[in-house]
Amino acid sequence: MRVRNRWFWIAAGVGLALDQLTKFWVAQTFELTTPPDSLPIWPGVFYFTYVTNSGAAFSLFSNNGEWLKWLSLAVSLGLIALGLKARLPNRWEQVGYGFILSGALGNGIDRLLSGEVIDFLDFRLIRFPIFNVADVCINIGIVCLLVAALREPQPPKRGNEGGREF
């Protein structure tokens, strides 16, 4: 039996596993302190810095972010339904939606279990807000969907209805 949207499920599983494993590692390795516990990977440029975020991206809605866990759940359920029911036409779309699912699930799990998300990727060179692997997955997913939208559609090949394009 062939799995529908195989690359969707692979991207979702890999992204979710990486997100949850890295957050577990950070929580076990660093102390949640003020100022935040930080490990320079590339001094002056990139650090692992343990912080939590009860809001959305860039700490938006951090004072009133209770609804974010329900939004994460709704997005996750919608994407799971998409992966189960729809036939996503190419690998770019499958991987894109799969990575977005992994990010929504990863941050949603954190919000449901502890009310906040663990962030730790800290680019100080550009003073960017601290983020996590789930956020990276969502952005990779968006880039994949943009690539899929901007590509010229390929005519279906005879005898290859399953679509093997990437």
Side-chain angles (χ1 to χ4, degrees), residues 5-76 78-80 83 88 90-151 166:
N5 302 315
R6 176 177 38 148
W7 292 103
F8 171 88
W9 299 110
I10 291 170
V14 168
L16 181 60
L18 285 173
D19 175 65
Q20 292 298 292
L21 287 171
T22 55
K23 288 174 181 173
F24 177 78
W25 174 78
V26 167
Q28 297 302 310
T29 305
F30 296 90
E31 295 287 327
L32 191 54
T33 60
T34 305
D37 194 4
S38 192
L39 171 69
I41 303 303
W42 184 358
V45 178
F46 179 68
Y47 293 72
F48 286 154
T49 302
Y50 183 20
V51 297
T52 58
N53 177 5
S54 61
F58 312 117
S59 295
L60 294 173
F61 313 114
S62 55
N63 293 331
N64 192 12
E66 177 69 18
W67 60 275
L68 287 170
K69 67 180 165 186
W70 302 112
L71 177 62
S72 292
L73 178 63
V75 168
S76 297
L79 288 168
I80 289 168
L88 298 172
N90 62 60
R91 290 182 192 163
W92 285 106
E93 286 186 46
Q94 290 181 32
V95 169
Y97 286 120
F99 274 128
I100 292 171
L101 172 60
S102 73
L105 270 176
N107 283 339
I109 288 168
D110 290 358
R111 286 189 183 100
L112 284 170
L113 296 179
S114 64
E116 57 192 7
V117 172
I118 293 174
D119 288 329
F120 62 95
L121 300 172
D122 183 5
F123 281 95
R124 295 188 183 174
L125 181 66
I126 57 175
R127 297 180 194 263
F128 198 77
I130 301 170
F131 56 101
N132 60 40
V133 173
D135 301 327
V136 172
C137 288
I138 291 169
N139 284 286
I140 290 171
I142 291 168
V143 169
C144 289
L145 293 178
L146 287 171
V147 168
L150 296 173
R151 290 182 67 225
F166 198 102

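Numbers here simply count residues along the sequence, with the first being 1.
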#### Entry: Test log, rule side-chain hydrogen bond (donor to acceptor under 3.5 Å, both in side chains), inputs Asp135 and Asn107
CA-CA 8 Å; Asp135 301 327; Asn107 283 339; 3.1 Å; yes
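Side-chain contact check for Val117 versus Lys23: some heavy-atom pair is nearer than 4.5 Å. Proximity of Thr29 to Leu39: side-chain heavy atoms (C-beta onward) are nowhere separated by under 4.5 Å.
Note that the CD1 atom of Ile100 and the CG atom of Leu105 stand 12.5 Å from one another [nearest 0.5 Å]. How far CG of Leu18 is from CG of Asn132: 12.0 Å, rounded to the nearest 0.5 Å. For the atom pair CG of Leu121 and CZ of Phe48, the computed distance is 6.5 Å after rounding to the nearest 0.5 Å. To the nearest 0.5 Å, the span separating CG on Leu112 from OG on Ser72 amounts to 7.5 Å. The CZ atom of Phe8 sits 12.0 Å away from atom CD of Glu93, with the distance rounded to the nearest 0.5 Å. Rounded to the nearest 0.5 Å, atoms CD1 (Ile118) and CG (Leu32) are 8.5 Å apart.
In plain terms, the two heavy atoms of Cys144 and Gly96 that are nearest each other are CB-CA, 3.6 Å. Taking each heavy atom of Val26 and Phe120 in turn, the nearest pair found is CG2-CG, 3.5 Å. Here the shortest heavy-atom pairing between Asn90 and Ala148 reads OD1-CB, 4.1 Å. Across every non-hydrogen atom of Leu101 and Ala12, the tightest pair is CD2-CB, 3.8 Å. Annotation for Cys137 and Gly15: closest pair SG-CA, 3.8 Å, computed over non-hydrogen atoms. Minimum interatomic distance between Ser38 and Thr49 (heavy atoms only, all atoms of both residues): OG-OG1, 2.7 Å.
When the shell of 6.0 Å around CZ of Phe24 is examined, it contains 12 or fewer heavy atoms from other residues, nucleotides or ligands.
A distance-only check finds no donor-acceptor pair linking the side chain of Asp37 to the backbone of Tyr50 [under 3.5 Å]. Listed for the Asp122 side chain is no donor-acceptor partner under 3.5 Å among the backbone atoms of Tyr47. Checking side-chain atoms of Glu116 against main-chain N and O of Asp110 turns up no donor-acceptor pair under 3.5 Å. The main-chain N or O of Asp19 is found under 3.5 Å from a side-chain atom of Thr22 such that the two form a donor-acceptor pair.
For an aromatic pair to be called close, the ring centres must be under 6.0 Å apart, and Trp7 with Tyr97 fails this.
Phe123 and Phe131 have parallel rings, their planes meeting at less than 30° on a 0 to 90° scale where 60° marks the start of perpendicular.
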